[in-house]
Amino acid sequence: MTPHYFCHLVLRYVAIIGVLVLLPFKPFAQKNLKKKLDSLELIVSKTKSEDSLVQLYSAQIILAEQLEDFRRVADIEYKLALVSSFDGLEMQTHAQRALDIYTDQGDTANMAEATYRVAYAKQLQNDYDSTKYFAQRLLTLAEVAHDTVSLIKARLLLSSVYNHLSLFSQSLQELNKSKILAESTPDNKSVIIDILNRESFIYYSLSEYDKSAERINQIIEILKPEGDNRRLNVWSNNLASVYSLCNCVSFDRRKEVIKQSVEYAKRANFTYGKAFAYKHLADTYRDAEQYDSTRYYLEQIEILLPEINKPDFTGLVSVAQGSYWSNVGNDPKALPYFIKGYNIWEQLGKKKDQMDIAWILNDVYRQQKDYTNAYKYLNFYVALRDSLFSEAKIREVKELELSYDFRQKQITDSLKNEEKLLQSRYETTLQKRSKLMVIIVGVAILIVAVIIYYGFIRQKKLAELLKVKSDQVENELHQKELLLTEIHHRVKNNFQILSSLLELQAKGVDDQATKALISEGKSRVKSMALIHSQLYDNEGLTIHLAEYLQNLINEIQKSFEGQTSEVKMDIDPNYTLDIDNMVPMGLIANELVTNAFKYASQPNGLLKIQVDLKEENGKNVLTFKDNGPGLPANFDVKTAKSTGIWLIGRLALQLHGHYEYEYKDGAIFKIHFTQSEFVNQ
């Protein structure tokens, strides 16, 4: 026996003896560990501080690992994910470990919960590719388990991702699927909050801020009884964001919402939420031109920033700082902040925000007469705008073209096969006829009959081929109609962009007369955009006049807050106009309705508008009447130089007609016009 082997044998026996000595103590040790774990569980149930919970959960995990109770480890890791910091990093770590353990154990239900938490953590980090990946994994798990709640969560996550990527149609599709599922879900308060959340974001993305604010207020009212100060702070901040854009509430209401948000953040010890509320206060005071208060709250944010590690918030603060310095007339100091914000949005892939800052930088550089940089950022703005509003639609058109080419190739191949088959049958017939003619002349009658028969078959085949061709032409026509509809949608979007540009331009103008002219131009652009919006929504290429006028009046009234009105309309709802007639008619209606709200309105009075369409002497007459004072007594409509009156006259000529004005208990304008011969005949 070698010395080496002898030593190995001795060590082996020592190890065995050690295990035998310690073996009786193992059950006692495990029992002691389990007792400690249960004691910590009791303490956890009575603890409300999130910081204390993190420490207690961490201690529980150590004990559960020593007990090799991995199911309990996974459960505690998941709880840790729920109370982790709001930046998403710690949440991802804990949720991923819980997911790994649940996956090893084949626990599908808890796998779904952990997968959702990982996806949510990725979303908090602005990692939308990973968010989409885990949301789709959750979708698969939920479908297998027939888990309606997880299905809703997955689709809401996907909706949120598509929103952040400006893919609004996909986002709405996922949201609609979620609504259908939520209708069959009991105790669906949290689900309703999630759906309201997505709805508010979609309306926000589409600049329909009043609807977005309405959804957020509903969420806050649902959350108030629960007393969740952290979530109340988040949603109050969201409401403040919408109010800052919609100009639909007073300065005092904005301050009230934000100061309540600050109070919620203090109660929850939520630094990020408090900083965000301060940012809203800075914006609010800046809009009110109270720049000392603006600067104070921006300084408060700078104090809190070291505790916050969120690039998107840093970007927002940078833009707020730039806006402050720009408003106090210090553009050189504003530029670094705007450039920093632009670079952050570029890194995060937020094209909409990047596009807005590019426009601001273009304007600041242009005012400093630095035309090189102004031109550079103007190019960035145009490229980003085209990317946002064109990529998705171009892709849809290409898909239509590809699908059309594929179907066309199928039809062509089918025609070739039919032609070969007919040729083969015809040759076979000739061979049979030759043989029969050699054998017996009498069979000639039969051959003739066979030829006639096959001729009939061939004619039938040719008729079928003609039908295929006809279907092909009809399909091509349908594709062209789709493309034409798409063009109307693109035109509508371009009008909306033009309207936004006019609004931006108005913000930089102090002269009230100039602002009024820009506002009139914006109103006229919106009236034309409404035409193309209605064409996009309709199956045909004509516009229902009554529906259009009702929508136009509703849009104009939004601009006159507090003004009540009563609109009566006597127009055949089926009466339509083509686009050549509708554009001048829409501009005329815009001028007359806007003037009614502007000049016919009286303090605390009800504005009455009557719109009628009748036929007189072979011409159509559209009448607008309001209960206002009408034009001044010395106003001559024929020689007046008013832009609106002149425009009405020119547009009436485009309709092959003219207009008349009279006053009878209110202003009355009559538009005489001739309808296109191809419409309503």
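Everything numeric here is computed off the predicted structure, so don't read it as measured data.
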Engineer: Under the rule for salt bridge (charged side-chain N to carboxylate O under 4.0 Å, His left out), what residues qualify as partners of E263, not counting sequence neighbours?
Structural biologist: R267
Engineer: Walk me through it: do Y371 and Y365 pass the test ring pair (Phe, Tyr, Trp, His ring centres under 6.0 Å)?
Structural biologist: CA-CA 7 Å; Y371 298 114; Y365 276 122; over 10 Å; no
Engineer: With heavy-atom distances below 4.5 Å as the criterion, would you say the side chains of Y278 and E302 are in contact?
Structural biologist: no
Engineer: Can you name the side-chain contact (heavy atoms from CB on, under 4.5 Å) partners of Y296, sequence neighbours left out?
Structural biologist: Q300
Engineer: Return each pair, listed once, that meets salt bridge (charged side-chain N to carboxylate O under 4.0 Å, His left out) where at least one residue sits in residues 272-281; pairs must be two or more places apart or across chains.
Structural biologist: K279-D283
Engineer: Between N217 (side chain only) and A213 (backbone N and O only), is there a donor and an acceptor less than 3.5 Å apart?
Structural biologist: yes
Engineer: Tell me, with the steps shown, if S323 and F338 meet side-chain contact (heavy atoms from CB on, under 4.5 Å).
Structural biologist: CA-CA 8 Å; S323 298; F338 283 136; 3.9 Å; yes
Engineer: Verify, without hydrogens or angle tests, whether T284 (side chain) and H280 (backbone) share a donor-acceptor contact under 3.5 angstrom.
Structural biologist: yes
Engineer: Quick one: does any side-chain atom of T594 pair with a main-chain N or O of E591 as donor and acceptor, under 3.5 Å?
Structural biologist: no
Engineer: Kindly say whether G88 contributes a backbone atom to a donor-acceptor pair with the side chain of Q125 at under 3.5 angstrom?
Structural biologist: yes
Engineer: Hey, is K122 close enough to D129 for a salt bridge, meaning N to O under 4.0 Å?
Structural biologist: no
Engineer: May I ask you to test the D370-T372 pair for a side-chain heavy-atom distance under 4.5 Å?
Structural biologist: yes
Engineer: E221 and Q218: side-chain contact (heavy atoms from CB on, under 4.5 Å), yes or no, with the steps?
Structural biologist: CA-CA 5 Å; E221 292 304 315; Q218 291 178 32; 5.9 Å; no
Engineer: Please confirm whether the backbone N or O of S171 pairs with a side-chain atom of S159, one donor and one acceptor, at under 3.5 Å?
Structural biologist: yes
Engineer: Side chains of K153 and Y120: does their closest heavy-atom pair fall under 4.5 Å?
Structural biologist: no
Engineer: Go through the steps for Q123 and L157 under the test side-chain contact (heavy atoms from CB on, under 4.5 Å), then give the verdict.
Structural biologist: CA-CA 8 Å; Q123 184 183 15; L157 276 170; 3.5 Å; yes
Engineer: Return the CD1 to CG distance between I344 and L316, rounded to the nearest 0.5 Å.
Structural biologist: 9.0 Å
Engineer: If we only count heavy atoms from C-beta on, is the I222 to L196 side-chain gap below 4.5 Å?
Structural biologist: yes
Engineer: To the nearest 0.5 Å, what is the distance between CG (L552) and CE (M585)?
Structural biologist: 12.0 Å
Engineer: With rounding to the nearest 0.5 angstrom, report the CZ to OG1 distance, R137 to T115.
Structural biologist: 5.0 Å
Engineer: With a 6.0 Å cut-off on the ring centroids, do Y204 and Y209 count as close?
Structural biologist: yes
Engineer: If you count the non-hydrogen atoms of other residues, nucleotides and ligands that lie under 6.0 Å from CZ in R650, is the total more than 12?
Structural biologist: no
Engineer: How many angstroms lie between CD1 in I588 and CG in L647, if you round to the nearest 0.5 Å?
Structural biologist: 8.0 Å
Engineer: So, the side chain of S236 versus the backbone of S261: is there a donor-acceptor pair under 3.5 Å, distance only?
Structural biologist: no
Engineer: Residues two or more places apart in sequence or in another chain: which of them pass salt bridge (charged side-chain N to carboxylate O under 4.0 Å, His left out) with D353?
Structural biologist: none
Engineer: How many angstroms lie between CD in Q321 and CD1 in I301, if you round to the nearest 0.5 Å?
Structural biologist: 7.5 Å
Engineer: I need the full list of salt bridge (charged side-chain N to carboxylate O under 4.0 Å, His left out) pairs touching residues 203-215, with sequence neighbours left out, sorted by first then second residue.
Structural biologist: E199-R215, E208-K211
Engineer: Y162: what forms a ring-ring contact (aromatic ring centres under 6.0 Å, His included) with it, not counting sequence neighbours?
Structural biologist: none
Engineer: My understanding is that only residues two or more places apart in sequence, or in another chain, count here; which of them pass ring-ring contact (aromatic ring centres under 6.0 Å, His included) with F313?
Structural biologist: Y272, F276
Engineer: Is there a side-chain contact between K132 and Y128, using heavy atoms and a 4.5 Å cut-off?
Structural biologist: no
Engineer: Please confirm whether R254 makes a cation-pi placement over Y243, using NZ or CZ under 6.0 Å from the six-membered ring centre and within 45° of the ring normal.
Structural biologist: no
Engineer: Go through the steps for N233 and R230 under the test side-chain contact (heavy atoms from CB on, under 4.5 Å), then give the verdict.
Structural biologist: CA-CA 5 Å; N233 163 262; R230 189 183 186 112; 5.8 Å; no
Engineer: So, does S200 use its side chain to make a donor-acceptor pair with the main chain of N197 at under 3.5 Å?
Structural biologist: yes
Engineer: Taking C-beta and beyond as the side chain, do Y381 and Q354 meet within less than 4.5 Å on heavy atoms?
Structural biologist: no
Engineer: Sequence neighbours left out, what passes salt bridge (charged side-chain N to carboxylate O under 4.0 Å, His left out) with K369? Give chain and number order.
Structural biologist: none
Engineer: To the nearest 0.5 Å, what is the distance between CG (N126) and CG (D312)?
Structural biologist: 4.5 Å
Engineer: According to side-chain contact (heavy atoms from CB on, under 4.5 Å), who are the partners of D292, at least two apart in sequence or on a separate chain?
Structural biologist: none
Engineer: Anything under 30° is parallel, anything over 60° is perpendicular, the rest tilted; go ahead and classify F380 against Y377.
Structural biologist: perpendicular
Engineer: For residues 328-337, dump all side-chain donor-acceptor pairs below 3.5 Å to protein atoms at least two apart in sequence or in another chain.
Structural biologist:
| unit_1 | atom_1 | unit_2 | atom_2 | d |
| --- | --- | --- | --- | --- |
| N330 | OD1 | K333 | N | 3.2 |
| D331 | OD1 | S326 | OG | 3.3 |

Engineer: Are more than 12 heavy atoms, taken from residues, nucleotides or ligands other than K255, located less than 6.0 Å from that residue's NZ atom?
Structural biologist: yes
Engineer: Using modelled atom types and a 3.5 Å cut-off, is there a donor and acceptor pairing between side-chain atoms of T294 and backbone atoms of Q290?
Structural biologist: yes
Engineer: Would you say the side chain of Y342 lies within less than 4.5 Å of the side chain of I339, judging by non-hydrogen atoms?
Structural biologist: no
Engineer: By ring-ring contact (aromatic ring centres under 6.0 Å, His included), which residues pair with Y324, not counting sequence neighbours?
Structural biologist: none
Engineer: Go through the structure and list residues passing ring-ring contact (aromatic ring centres under 6.0 Å, His included) with Y375, not counting sequence neighbours.
Structural biologist: none
